Amino acid sequence: MWFMGGMGSFGMAHICFSIAFSAKAPWALIRATPFCAIASTFLYAVWDGLNSMKIPVTGYVVLELVMGWRALARVSVQERSVVQSWGSHYIPHPEATIKEKQWLAVAGAAMFMLSDGLLAINRFKAPLN
């Protein structure tokens, strides 16, 4: 019961992140590829142990996949200047900082999927010691 509640709460968070990451992001489906690979790997690993949880867990994994895809779709593909001169000092260009933050969002989504995948293996496949 607690597991389903937690999965539902985190699922809602993934929906919110997906909406936030979708702002001004292209709908390039090719960018979903790495997250499809992560999702399918973990689902394959735990599938036999899911039993009655197959539908809810698959739905949750799809929400995570969409969140990761939208984070990656948000990363700018244009080359930008990484520094600007201010006297004799160089400071990061604001657009470079934005791009770094976009990549941090992608890394966060991937780590979230990795963490949840390991939790799923621990719960549905075999304890991780």
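Note that the structure is predicted; figures quoted are calculated from it, not measured.
The CZ atom of Phe3 sits 5.0 Å away from atom CZ of Arg123, with the distance rounded to the nearest 0.5 Å. Atom-to-atom distance recorded for Met4:CE and Ser9:OG is 11.0 Å, nearest 0.5 angstrom. Note that CG of Leu63 and OG1 of Thr58 are 11.0 Å apart. Values are rounded to the nearest 0.5 Å. One distance of note links CG of Leu118 with CG of Leu114; it measures 4.5 Å at 0.5 Å rounding. Atom NE2 in His14 sits 5.0 Å away from atom CE in Met67 (nearest 0.5 Å). Atom OH of Tyr60 is separated from atom CG of Asp116 by 3.5 Å, given to the nearest 0.5 angstrom.
Considering all non-hydrogen atoms of both residues, Trp27 and Ser22 come closest at CH2-OG, 4.2 Å. What you find for Lys99 and Val75 is that their closest heavy atoms are CE-CG1, 4.4 Å. When all heavy atoms are compared, the tightest approach of Trp69 to Arg31 is CD1-C, 3.6 Å. Pairing each heavy atom of Ala109 with each of Ala71, the nearest pair is CB-CB, 4.5 Å. The heavy-atom pair separating Ala73 from Pro26 by the smallest distance is O-CD, 3.1 Å.
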Using distance only, find each side-chain donor-acceptor pair of residues 36-57 under 3.5 Å and give its atom names and separation, not counting sequence neighbours.
| unit_1 | atom_1 | unit_2 | atom_2 | d |
| --- | --- | --- | --- | --- |
| Ser40 | OG | Cys36 | O | 2.8 |
| Ser40 | OG | Ala37 | O | 3.2 |
| Thr41 | OG1 | Ala37 | O | 2.7 |

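Put simply, the side chain of Val66 does not reach to within 4.5 Å of the side chain of Phe21, judged on heavy atoms.
Hydrophobic clustering (ILVMFWY, side-chain heavy atoms < 4.5 Å, transitive): Met7 and Met111 are in distinct clusters.
Residue Phe17 qualifies as open at atom CZ: its count of foreign heavy atoms under 6.0 Å is 12 or below. The number of heavy-atom neighbours closer than 6.0 Å to CZ of Phe10, taken from other residues, nucleotides and ligands shown, is 12 or below. Residue Ile30 places its CD1 atom among 12 or fewer non-hydrogen atoms of other residues, nucleotides or ligands, all under 6.0 Å distant.
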Test side-chain hydrogen bond (donor to acceptor under 3.5 Å, both in side chains) applied to Ser18 and Arg70, step by step
CA-CA 6 Å; Ser18 297; Arg70 298 316 301 145; over 6 Å; no
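Geometrically, Arg74 does not engage Trp103 in a cation-pi contact, judged by NZ or CZ lying under 6.0 Å from the ring centre and within 45° of the ring axis.
For Trp2, the side chain to side chain contact (heavy atoms under 4.5 Å, CB included) test picks out no residue, with sequence neighbours left out.
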